[in-house]
Amino acid sequence: MEPILFIIFGAIAVGGAIMVVTRKHPMSSALYLILTLFAVAALFVLRQAHFLAAIQVIVYAGAVMVLFIFVIMLINVPENKLPMERLTGLRLLGVVAAGFLILESAILARRFAMPAGSTADAGSVQAVGRALFTDYLLAFEITSVLLLAAVIGAIALAKRKI
Amino acid sequence: MTIGVKKVARPEQMSFGESLYLLEIVKGLAVTMGHFLHNIAHNRDIPTIEYPEVRRTMPARFRGCHRLMKRPNGAPRCVACYMCATACPAKCITIVAGESPDPGVEKYPVRFDIDMLRCVFCGQCVEACPCDAIRMDTGWYTPPADTREKLIYTIDGLLEK
Amino acid sequence: MIPLFDLGVAVARVAVFFAFVFGLVVVMTWVERKGAAYMQDRRGPNRARILGITLFGMFHPLADALKFLFKEDFIPDNAHRLFYQLAPMFALAPAILTMAVVPFGPPVTIAGKTISLQIADLNVGILYLFAVSGLAVYGVVLAGWSSNSKYPLLGGLRSSAQMISYEVSLGLSIMGILMVFQAIRLSEIVLGQGELLFGILPKWGVFVQPLGFVLFLTALYAEANRTPFDLPEGESELVAGYHTEYASFKFSMFMMAEYIHMVVGAAVIATLFFGGWQFPYLADKGFAFPGGLSVTVPAAGVLVLRIGSFIGKTLFFCWLYVWVRWTIPRFRYDQVMRLGWKVMLPLSLLNIFVTGLVLLLIDKGGF
Ligand code: SF4
Ligand code: SF4
């Protein structure tokens, strides 16, 4: 059962990601990105990382993407004014690079087997919380300081007078 | 009563309790709940008028639907002088005059249509009529109809009212 | 494979809860109109009748549904056809999904098998609820954007900004509950609320987290777009907001989504802060009052009382939505934003801090 689901959701994730970059309208791209995020969340669930899956949906699909859509709506470019993007040499190079990446990951995947079935509890809220506040406390705090700096920076940029 | 602006005193400074809102919200909830319970208990007191069955009686000077007056012998009082049609700002009165069979009366309206879809209930027609043949004192507003034709009132209907 | 019995139970469970929520939705539309009428000294709906029976206007929801079904399913010329049609589904689906984790009653034992009265007892519990309900905003935003008309667009914009702002407080305000009950599964939180506080009060969420309760309630109203936070559809300034261009059954899907949000929201408040299916002083064997008095109640009676208490609480909070709606005027938009970021957020952080401190002191002091 699990491998089948993995393939299904993996295919949805990859397909969605391809659609994100190929759709013309930014709103379609955004919606496909949400689909991809969901598929990835489902993959997390398959790997027993329930907490990660929930947070993925809450933070990315529920908040970050809403902001994206907010911006798309605010700018609201009419359909006929959307820029046409052409397949230039650089983009072709990108496709080639993506091919190499896939090849590499395939080779890597052959050499290192996936860590076999992590225990059901490893991805639970309690386990993740404990790990975050003990083993990875420093990294966690530094990340939050980084985010705080970003927030303050954004305010400083946006508001001349505070 | 003159129409004017009613000044509502606004507190300059809200007290601490008021600025917390919570207590005020609870007070407001109590008010609405009071109304709710009172209206459930005294269902009869609700001032709603059940419209199609019950109509409010209109004041005597209410300008409602038109009616055409009759002479004592039942013929229309209207002499088809076109005064109302001329005065009407909405141009919604159509009159076709004919020779009256009554030797004492010169003309009478063969057709007298009022397009209620266009009428603005201004009362100009009533003002203009030299022989008080048209009145708007029926106390009715235009009842709805499901076709446009039904809202063009003809002489028969107007005389009936 | 899954045994037939379990499959049957699962299907029956979904069907029953679905029927419960949808039935309540139908009733709520009636309650809303009738309640509003009585609060405003009116009579409210009382005309729709079947065989001469009006039943206080109870048939109006039915008449509404029929009307929606037979109205023209109109799509504006310049609308984005695909997104325009997707939007109501985006609105309705998350609303229905949220009820999956709400426990309707204690686990029941039938024929030697324990059946939990909850569709899915996920171990991320409450997080699932936030994840799914956060998606409801897409319906609103898409509807606003794809209608290609200015009022819906403004409604959609407002909605997305409002949702993001209040989701933060919504999430943080229940953190205290999670800390007190040391659990994240809704079923465990409900179990935790069966104990007594200081031996007298039931250990319900509102008693241990009064501030958290107020914050959660406020944020929930904002999330469900209910008055005083119904700015996305503020009719005095935006016609009907995001669903201005919708008619027929698509419109009714938005309505259904709103009411399902209400019902599930009420159930979640009851679960988190009012003991869920716990009946005050009712243990598995019967009542046990603080004075040492105890009354035995048969197991079936306990079960009925518990499910009844959950339904009763849910109904009360559904009613509270209506009651608040017809009492409090709508906020101005800047007030909503200020309340969200400058009042709710600091207060919910404070709540977490104080809760943590108290829990620590209790741990250390052992009282
Ligand atoms: S009330 Fe005014 S608008 Fe109506 S028929 Fe008379 S003159 Fe014309
Ligand atoms: S003004 Fe009077 S008399 Fe003349 S046409 Fe009109 S209703 Fe008849």
Side-chain angles (χ1 to χ4, degrees), chain B residues 1 3-59 117 140-148 150-151, chain C residues 30-49 52 54-57 173 206 210-219 221-222 226-229 316-317 319-332 335-336 338-340 342-344 346-347 350:
Chain B
M1 205 181 80
I3 296 174
V5 178
K6 188 183 175 197
K7 279 255 168 9
V8 180
R10 286 183 189 277
E12 278 296 301
Q13 195 75 52
M14 281 192 285
S15 69
F16 179 69
E18 280 168 349
S19 64
L20 268 184
Y21 287 122
L22 283 182
L23 193 65
E24 299 297 309
I25 287 176
V26 173
K27 276 191 210 163
L29 288 175
V31 170
T32 41
M33 190 41 112
H35 275 260
F36 181 79
L37 293 177
H38 179 270
N39 287 326
I40 282 190
H42 306 92
N43 208 321
R44 298 267 146 253
D45 291 355
I46 297 178
T48 307
I49 296 170
E50 297 288 337
Y51 166 60
E53 292 93 31
V54 186
R55 299 171 141 269
R56 74 166 16 145
T57 40
M58 288 300 169
L117 290 167
W140 278 70
Y141 16 91
T142 332
D146 45 16
T147 62
R148 281 158 194 275
K150 283 185 192 159
L151 281 165
Chain C
W30 172 77
V31 168
E32 176 117 75
R33 295 166 68 183
K34 205 75 180 170
Y38 276 130
M39 284 180 198
Q40 299 167 346
D41 299 345
R42 293 186 286 115
R43 281 238 166 92
N46 61 354
R47 297 236 152 229
R49 66 189 69 202
T54 55
L55 215 72
F56 310 107
S173 62
V206 327
L211 182 60
F213 168 64
V214 173
L215 292 172
F216 183 74
L217 194 70
T218 316
Y221 277 40
R226 289 287 297 191
T227 330
F229 301 103
F316 173 77
F317 282 103
W319 166 245
L320 192 66
Y321 272 103
V322 174
W323 191 4
V324 166
R325 171 162 182 186
W326 301 108
T327 302
I328 305 175
R330 184 181 301 135
F331 281 119
R332 222 170 45 215
Q335 290 171 331
V336 170
R338 202 171 56 211
L339 180 72
K342 292 196 177 164
V343 180
M344 304 267 295
L347 275 181
L350 182 78

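Proteins get letters first, then strands, A, B, ... in listed order; numbering begins at 1 in each.
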Participant: Side chain, backbone, both or neither: which part of V343(C) has a non-hydrogen atom closer than 4.5 Å to chain B?
Facilitator: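 Neither part, no heavy atoms under 4.5 Å.
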Participant: Taking all atoms of both residues into account, what is the closest heavy-atom pair of T48(B) and R42(C), and its distance?
Facilitator: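 Smallest interatomic distance, heavy atoms only, reads OG1-CA, 3.6 Å.
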Participant: Please work out whether the ring planes of W319(C) and F36(B) are parallel, tilted or perpendicular, with thresholds of 30° and 60°.
Facilitator: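 Plane angle between 30° and 60°, so tilted.
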Participant: Could you list the residues that satisfy salt bridge (charged side-chain N to carboxylate O under 4.0 Å, His left out) with R33(C), not counting sequence neighbours?
Facilitator: D64(C)
Participant: Under a 4.5 Å heavy-atom cut-off, does chain C meet the side chain of E50(B), its backbone, both or neither?
Facilitator: both
Participant: Using the test salt bridge (charged side-chain N to carboxylate O under 4.0 Å, His left out), find all partners of E53(B) that sit at least two apart in sequence or belong to another chain.
Facilitator: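 Checked E53(B) against salt bridge (charged side-chain N to carboxylate O under 4.0 Å, His left out); matches are R47(C).
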Participant: Taking all non-hydrogen atoms of both residues, which atom of M39(C) and which atom of H35(B) are closest, and how far apart?
Facilitator: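 Scanning both residues completely, I find the closest heavy atoms to be O-CB, 3.6 Å.
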Participant: Applying the side-chain contact (heavy atoms from CB on, under 4.5 Å) test to I328(C), which of I25(B), L29(B), T32(B) qualifies?
Facilitator: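 Only one of I25(B), L29(B), T32(B) forms a side-chain contact (heavy atoms from CB on, under 4.5 Å) with I328(C), namely I25(B).
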Participant: Quick check: do N39(B) and D41(C) have side-chain heavy atoms less than 4.5 Å from each other?
Facilitator: yes
Participant: Which bit of W323(C) is near chain B, if near means a heavy-atom gap under 4.5 Å: side chain, backbone, both or neither?
Facilitator: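 W323(C) touches chain B through backbone and side-chain heavy atoms alike.
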Participant: Relative to chain C, which segment of L37(B) carries a heavy atom at a distance below 4.5 Å: side chain, backbone, both, or neither?
Facilitator: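 It is neither, since no heavy atom gets under 4.5 Å.
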